[in-house]
Amino acid sequence: MTKNVKIDVQYVTRVEGHGNIIIDVKNGQLVDCKLQIIEPPRFFEAMVRGRKFGDIPLITSRICGICAVSHNTVANRSVENAIGVVPSKQTELLRKILFHGEMIQSHILHVYFLVAPDFLKVGSVIPLASTHPDIVKRALRLKKLGNHICEVLAGRHIHPIASVVGGFTKIPSKKELAELKKEIEKHLPDFEATIELCKTLKIPSFERRTEYVALYKDDEYAFIDGVIKSSDGDKLNLKDYKKKAAEYIVKHSAAKHTKGNRDSYMVGALARVNNNFSQLSPLAKEVAKQLGLKTPCYNPYMNSIAQVVECAHCYEDIIRLLDIAIDTAKDEEITFTPKAGTGVGAVEAPRGILFHEYTFDDAGVCTAANCIIPTGQNLENIDLDMRKLVPEIIDLPQDEIRLMLEMLVRAYDPCISCATHFLDVKFV
Amino acid sequence: MTKPRVAFFDFASCEGCQLQVLSLEDQLLDILGVIDIVTFREAMTEKSDDYDIAFIEGSITTTHDIERIKIIREKAKILIALGQCATTGGVNYLKNFQNLDEVRKYVYGDKAPWFETIKTRPVEAVVKVDYWIYGCPINKDDFLRVVKDILMGKKQQIPAYPVCVECRQKENVCLFEKGQVCMGPVTRGGGCNAWCPTSSHKCYGCRGVVEDPNVNSESALLRKYGYSIDDILNQLRLFDGYREEKT
């Protein structure tokens, strides 16, 4: 078979940020195959130098509008670790509730707005408004619910307000929390219908074994803090994050690539479900079974299904957390004395493990910063998936090859603005 | 009446302002009844070069961006700067106060020459802008207000009063009373509904500096608590460094 294929997808659509897919097959031989990242670099890590510690979460939240709560939370945690602040139990509880809100918002946006149009053979959710109005309205209701959770907890989702270093500037009242719980419970039929919709999606069959990396905690399915756990069996403390996420620069990407134990690793919902399945809520485990997600799962297209499993987990867990908060919510002063130091924080953003590290001097001014973004960690894995996939589907018409590749990139839910910002900061 | 053809474009940004548009869950289907969205890369595969109205999110940070925004300007009858990165450069402007070669080296080390960057510019510094929607992120009500003005062909009235006016209407306790140094007295109001002070967080000036901050009636508030306008303006570099370099 001496086939020639040339694919150059300029600006992959329905992803956050600017990326191109380049495939070149000559006489049946794969000559070139990569996801090119052409997002203009924004240099956040350099920009935060010289700013006081309280400004840091404000600035770095602006790395990404889709996962602003993740960046806000990890910046708060790394600043707290650096300047010696231990958040209260209530702060930890409210952060978890806020985080579940973003997880639902982001996963629903991805599954309905960015992924589903491929399966329904349309270019976007817009034509679905007339052909499948029930699906679109449900998607909007669920997305709004995710936003609403963040509004009650932190004033808004995109660039949360009340969530700051040391705690929250405003604590929601018991009444607001009780109303929020009722509102969430009203959406159970929408979550159930989402699961039914996912049962109808024909997920492409493709497998490539790789390393999966996610946060891990002994006592819960980890989204905030924990240790870095690999599917290869090793665990690392957060301060050693660079041993796992070893960054390097390739010419075709303004976002840095990383490598761990192997040539590449995967982060995100599938990595979390693969590594920490036993800690999911009972409903989430049941949903995984119904949707045919068996761990370990080596099919990256199943990442979207793993996101739906996590939505079920967040739905069940947020009710549990709200019950605690409804009983115990009380106003709390944020007081601490900052000291100089360096601190690392990590959270599971919707797209995967996210690290921030900052150093502050005696005056509380930032002197060094480093951020390692989930999409950057997935880029090499995406390139290697494409290298395995293209020869397997080379006999398909070029349009179908192109669609399969775009769907693969979309399955990772890449957040390219996020991945293209930072800079490496050298910690001396 | 034919529906205007609308395109969304993004430059250096977090895409949060476009996401705010997608988060108009209650109005999105109505909006699609009065306009045709023909290009919106974050949300759709369909695209068209034939549009009447262009919304621009993000600031201009490469020479390629300059060429691209000029082409968009030629095609669009109406061009809107959407959000703070587009209106003033937003947080992206912070890098302009550092040495750009050093900034590139800090991030990309010896590979710095592979990644071009120029000084961040707001859209209006490169092409003519017809409407401005301020804020980081934009406020959804403010977006709907400006969109109505655009569809009715009305000239935009940019509010000349500070955030304090709406903050007082909401009967918030003044944050200076709580010991926070709030940017409300010098920040452009009339769009955010005092979003941050309502969450008991100081305003940090994300909508940029109000016209003529020295004469607005709120400057007395700063003096009362022992701050000068200059103290505050230094803080406003976070979202309005453009103003500092302009003046």
Side-chain angles (χ1 to χ4, degrees), chain A residues 11 13-18 39-51 55 58-59 61-66 68 109 113-114 117 123-126 129 133 136-137 140-141 143-144 147 154-159 161-162 164 169-170 249 251 254 256 417-418 421-426, chain B residues 10-20 22-23 25-26 28-29 32 37 40-47 58 60-62 64-65 85 90-92 94-95 97-98 100 102-109 111 114-117 120 136-137 180 195-196 198-202 204 206 235 238:
Chain A
Y11 294 165
T13 57
R14 283 184 281 123
V15 298
E16 198 285 342
H18 299 93
E39 185 82 6
R42 295 170 69 208
F43 304 100
F44 274 90
E45 288 147 306
M47 294 194 301
V48 294
R49 294 174 303 169
R51 304 297 312 193
D55 286 346
L58 278 184
I59 298 172
S61 154
R62 270 71 188 177
I63 291 169
C64 179
I66 297 187
L109 176 77
F113 286 56
L114 310 185
S124 74
V125 78
I126 292 174
V136 175
K137 285 181 185 162
L140 290 170
R141 281 195 300 271
K143 205 172 96 53
K144 186 180 176 188
N147 285 332
R156 65 185 175 210
H157 168 242
I158 300 176
H159 309 323
I161 300 164
V164 298
T169 57
K170 188 182 179 189
I249 298 171
K251 201 166 187 175
K256 293 176 185 176
S417 302
C418 261
H421 25 325
F422 280 115
L423 34 67
D424 213 350
V425 181
K426 287 174 187 67
Chain B
D10 40 65
F11 290 78
S13 67
C14 76
E15 299 192 15
C17 290
Q18 289 172 90
L19 190 59
Q20 281 290 79
L22 291 179
S23 293
E25 290 97 356
D26 292 336
L28 205 54
L29 296 177
L32 294 176
I37 299 183
F40 196 154
R41 190 201 44 77
E42 190 178 20
M44 53 198 274
T45 294
E46 305 92 334
K47 54 186 165 192
I60 308 301
T61 62
T62 66
H64 175 254
D65 287 349
C85 291
V91 292
N92 294 332
L94 283 173
K95 82 172 181 202
F97 298 103
Q98 302 184 12
L100 289 192
E102 191 274 333
V103 163
R104 279 200 300 170
K105 279 191 194 126
Y106 188 64
V107 180
Y108 292 107
K111 306 292 193 302
W114 289 354
F115 303 101
E116 185 223 356
T117 192
T120 294
C136 181
Q180 295 192 40
W195 221 344
C196 295
T198 304
S199 284
S200 304
H201 191 296
K202 66 178 184 186
Y204 45 81
C206 84
Q235 273 294 308
L238 219 49

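Labels below follow one simple rule: chain letters A, B, ... track the order of the sequence lines, proteins then strands, and each chain is numbered from 1. These numbers come from a predicted model, not from an experiment.
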Atom pair CZ/CG of R41(B) and D10(B) - distance to nearest 0.5 Å: 4.5 Å

Distance in Å, C17(B) SG paired with I158(A) CD1, rounded so as to fall on 0.5 Å steps: 7.5 Å

Largest heavy-atom contact set with chain B, pairs under 4.5 Å, which of [options]:
{"options": "V136(A), L140(A), D55(A)", "value": "L140(A)"}
{"options": "L109(A), N147(A), I249(A)", "value": "I249(A)"}
{"options": "I59(A), I126(A), V125(A), L58(A)", "value": "L58(A)"}
{"options": "K137(A), R141(A), K170(A)", "value": "K170(A)"}

Would you say [X] and [Y] make side-chain contact, with heavy atoms under 4.5 Å?
{"X": "C14(B)", "Y": "H159(A)", "result": "yes"}
{"X": "Q98(B)", "Y": "F43(A)", "result": "no"}
{"X": "F11(B)", "Y": "C85(B)", "result": "no"}

Checked Q18(B), H64(B), E102(B) vs chain A; the most non-hydrogen pairs under 4.5 Å come from E102(B)

Against chain A, work out which of I37(B), D65(B), N92(B), T198(B) has the most heavy-atom pairs shorter than 4.5 Å and name it. N92(B)

Mind checking side chain to side chain donor-acceptor pair (under 3.5 Å) for Q180(B) and listing every partner two or more places apart, or none if nothing turns up? none

Side chain to side chain donor-acceptor pair (under 3.5 Å) against S200(B), all qualifying residues, sequence neighbours excluded: none

Please flag which part of [X] lies under 4.5 Å from any non-hydrogen atom of chain A: side chain, backbone, both or neither.
{"X": "Y204(B)", "answer": "side chain"}
{"X": "L19(B)", "answer": "both"}
{"X": "Q20(B)", "answer": "both"}
{"X": "S23(B)", "answer": "both"}
{"X": "C136(B)", "answer": "both"}

For K95(B) and T117(B), test the side chains for any donor-to-acceptor distance below 3.5 angstrom and give the result as yes or no. yes

Under 4.5 Å to a heavy atom of chain B? For R156(A) that would be side chain

Chain B heavy atoms under 4.5 Å from V164(A): which part of the residue, side chain, backbone, both or neither? side chain

Donor-acceptor pair, distance only, cut-off 3.5 Å: does the side chain of S199(B) make one with the backbone of T169(A)? no

